[in-house]
Amino acid sequence: MKQSSLAAFLGSKAKRPAVAAAVQASAPQDALQQKAESVPAKPSPKKRVRKSPAPEPAKTFQAEAGPKLKRLRKAGDTVQPAAPEGIEDDMAAAGLSGSRSPTPEAAPQAIASISSTQDADHTEAILTQAEDQKPSSGAVLASAVGTDDGAATTPSASEASETDEDDVLEIGEAAPKPKTKRASKGSKKENAAPKHKKARLKQGTLEGGQLDAESDGDGEGGKKKNPAKRPVLDSKVVGVGTKSLAEAAHHNTFDLSTLGTWQAGKPVPFAFLADAFEAIAQESGRLVITRLLVNAFRTVIALTPQDLLPVVYLCTGQIAPSHEGIELGIGDAILIKALSQATGKSDAILKQQLKESGDLGIVATKARSTQRTMFKMSALTVPFVFKTFRDIASMEGHKSQERKRELISKLLTSSKDNETGYIMRALQGKLRIGLAEQTVLVALAHAVLLQREVGNAKKAVDAGLANRLEEASQSVKQAYSQCPSYDDLIGTLLEHGLENLKDRVHFRAGIPVKPMLAKPTTGVSEVLNKFEDIEFTCEYKYDGQRAQVHLMENGKVSIYSRNAENDTSKFPDVVSVLPQLLRPGVTSAVLDCEVVAFDRGTQQIRPFQVLTTRARKDVKLEDVKVHVLLFAFDCLFLNGDVLVEKTLTERRKALESAIEPRQGVLQVATSKTSRDLAELEVFLDDSVAAGTEGLIVKTLDSTYEPSKRSSHWLKLKKDYMEGAGDTFDVVVIGAWHGEGKRTGVFGAFLLAIYDDDAEEYQAISKIGTGFSEVLLKELADSLREHIIDSPRSYYKFGKPEPHVWFDAQKVWEVKAADISISPKHQAALGLVEAGKGISIRFPRLVRVRDDKTAEQTTSPEQLADMYRNQAAVNHGKQAADD
DNA sequence: GGCCATTGCTCC
DNA sequence: GTTCGGC
DNA sequence: GCCGAACGAGCAATGGCC
């Protein structure tokens, strides 16, 4: 039987005793479950005792491990499924025993019931897997927390149980916080958890080489376990730092025999992926996370390369390239219903648990762990899970929600241990384990390079390796930026490796490029600082939506949104007119544009809010009501030539040569090249007066860097500047419980203004950004005393309603980019438009104002005046009045 | 057919 | 879209 | 500086329900 220790994910050669997987799904949740069900929603002031059940943002499902885990880890000296004594009982208690090791006789039915799509091979694999190959999540724990002498480095049993039994849990504290550093606070309990964390990190160092160990040049974790000497790092390698070099040294510790938990050619067990996620969730350093993922990818490449694509998709929370428009079409509401169907627990209870735990994954894990399964289920495989996701995405029409729910429910009942939570999170499209696209691309590059160069063998790491790894990352990132499709990228990587990747996966007309983005800056002086000796130019930042227009040689036109969604059918007007605006001899082009709403009568740009009222799908030319004007500002492709690696100066020339601008239809963005501070400030004011959001400042010699929020483009908006932009004084009247890293504190607040005449508080906006973690914690505490059971009769608000209502007391100053007419919020109701209130765009907290009373907020009249003075509105209005 | 909740998309 | 925080 | 993960308003489309 294979050692299935996932310590190997970390590159450690040490074989680690694995703890039975049931550990994590069974025992700990029982405790948690109890708590969850006996505890009302937090932060209720009355419930000082036991107010916050499962507060730490559990990035991993391991966080729930309680005292039993400790015990089991001690006992778990053998590799499962030969479960050590004691575990069986726990599993039985959790209703999981039946699902652990399906017997060959019992399983086929279950498999058949799951899917008719899995072939015989898969079925067989499922069975063997389930019997003896299931890597255990416990092993992950062992790898990250426990050790041979685990007792010394893991939280003591007493500590753990103390946490468990403590009646006065502070918000956010029962479980060790996996990732972010906890808000500093001095309570006794608060101290316990960091200790745990520290211990874990320390162990991590021993395991696989933690960052600090690497950077100091010698703390190499492998000291004991990994005697392989780090290569000399002083060689002259271009473009890579010591960290990368040190990191490269880890790659010869990859051990397929430890990681490969299934037979070559068989489908990748979903459990393998879940365990990899679990391992990643416990880390916060990017290098370590990347290495974990690299090792997982290498294993897949070595054993079942055809599953690499679904593995990668599941890692990114995607199910298809965005331009293909394939979407799951499910959200929390359907997921909760599916979970309810799968577990028999009521929606209400599950919703309540979501409020408390802040994570549907945890809710699902918990719900499953106490569930008794009727059948022995076959183990899930990655291709099966992925195919089910695609099936869900393909459903539409009558009863489609019910059918989706059915599939999800089946997935959930087929999942076990840590799989459940990750299925749930994958369906939500956010794994929240500190892993996203950029990291996946790097890991992919490394994995392919290493498998090609070294294969499964261990090889001394030469000094050039770090360099080649870095080059590989760049090349893969570039390829993906220019052709954002994992289908293309991975197909090519598997077939040809990294060689000539640039020539195989590259820009193609008809496939959207990741758009180049700009960074926020706080003022003209910051711009001048950043671009001290560099030539730059400024363009108006129009308030519309990004559009990448592809004009192809065959005459076809495609339009993509900023997120690479295909928006072609939304803009039939653009599709029909644009080919006429190409200069003679132009056969193909890709233009980067901003689309704004445009009033043809008055020849004026209209506000963003007008643009959003356009129909979205299958629009017919004759049905277009809101006309648009395109401001082109870049040209990425012209007559068969890819221009992204040309300078902006050259691309602008190409743009000019490509199109024949037409007033009110297609124009080139207004720009100015100057480095005079005063002149720039005037240009900025002009831009605002013209109804735009401000300026985009660009260096002239820079290439087009897709998807990077590059410092070659800077965003200059009035509302970024200190003392400029609209601010409002508002009072807090409600709040919502936070999710994820905001579990245990409020995640968002409902703000209101006071109407003196009506003597009422009118909701103006929700707010959820601008808060430090410390402040959120303080607010959770300080607002508690203002909680009221139900909203005052003199509160006017829309839906959805907050989880918690407050007595109007606390006044905050908030900033916003714009004021909008709101169908939802009640502020200044009817003052600017009958039956409608006012809200604000991009609200964020500036500061708490202890010097103001609840009745000293911005007034409805002030708000209405501000709206009427708003440049964009005024601009349109003036025009309309002509 | 109208109303509602949900979802995904735009601002990124 | 804005912002915070870890590395 | 990069990356990820919290959170905003508000629109149209979708599907369920009456």
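Computed from a predicted structure; not experimentally measured. Reminder, nothing fancy here: chain letters follow the sequence lines and each chain counts from 1.
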Between [N] ([atom2]) and [X] ([atom1]): distance, integer Å:
X        : N      : atom1 : atom2 : value
A/Glu402 : D/dC17 : CD    : P     : 8 Å
A/His398 : D/dG15 : NE2   : P     : 11 Å
A/Phe771 : C/dG5  : CZ    : P     : 12 Å
A/Leu776 : D/dG8  : CG    : P     : 12 Å
A/Tyr867 : D/dA9  : OH    : C1'   : 13 Å
A/Glu722 : C/dT2  : CD    : P     : 16 Å
A/Met395 : B/dT7  : CE    : P     : 16 Å
A/Leu845 : C/dT3  : CG    : P     : 10 Å

Considering only NZ, NE, NH1 and NH2 on the basic side and carboxylate oxygens on the acidic side, decide whether [X] and [Y] come within less than 4.0 Å.
X        : Y        : result
A/Lys570 : A/Glu565 : no
A/Arg841 : A/Asp719 : no
A/Lys530 : A/Glu526 : yes
A/Arg546 : A/Asp592 : yes

Candidate nucleotides [options], ranked by approach to the side chain of [X] - the nearest:
X        : options               : answer
A/Glu773 : C/dG5, D/dG16, D/dA9  : C/dG5
A/Ser820 : B/dT10, D/dG10, D/dC7 : D/dG10
A/Ser765 : D/dG8, D/dA5, D/dC11  : D/dG8
A/Pro823 : D/dG4, D/dG10, D/dC7  : D/dG10
A/Gln545 : D/dG1, B/dC11, D/dG10 : B/dC11
A/Lys741 : D/dC7, D/dG4, B/dT10  : D/dG4
A/Ala615 : D/dA13, B/dC11, D/dG4 : D/dA13

Report, one pair per line, the protein and nucleotides 3-6 of chain B atoms (nitrogen or oxygen only) whose separation is under 3.5 Å.
unit_1	atom_1	unit_2	atom_2	d
B/dA5	OP1	A/Lys799	NZ	3.2

Exercise: identify the closest heavy-atom pair between A/Lys477 and A/Val442: CE-CG2, 3.6 Å
Applying a 4.0 Å non-hydrogen cut-off, can you work out what [X] is touching in the nucleic acid: base, sugar-phosphate, or nothing?
X        : value
A/Lys541 : sugar-phosphate
A/Leu335 : nothing
A/Lys836 : nothing
A/Ile330 : sugar-phosphate
A/Lys815 : nothing

Test of ring centre spacing under 6.0 Å for A/Phe749 and A/Phe771: yes
Donor + acceptor pair across side chains of A/Asp818, A/Gln609 (<3.5 Å): no
A/Ser340 side chain to A/Asp347 side chain, donor-acceptor N/O pair below 3.5 angstrom: yes
Nearest-nucleotide comparison on DNA chain C, the residue closer to the 5′ end among A/Thr769 and A/Ser772: A/Thr769
Span that lies between the C1' atom of C/dC7 and that of B/dA5, in whole angstrom: 41 Å
Interatomic distance at C1', B/dT10 relative to C/dT2, whole Å: 16 Å
Check: A/Arg616 side chain, D/dC11 base, donor-acceptor under 3.5 Å: yes
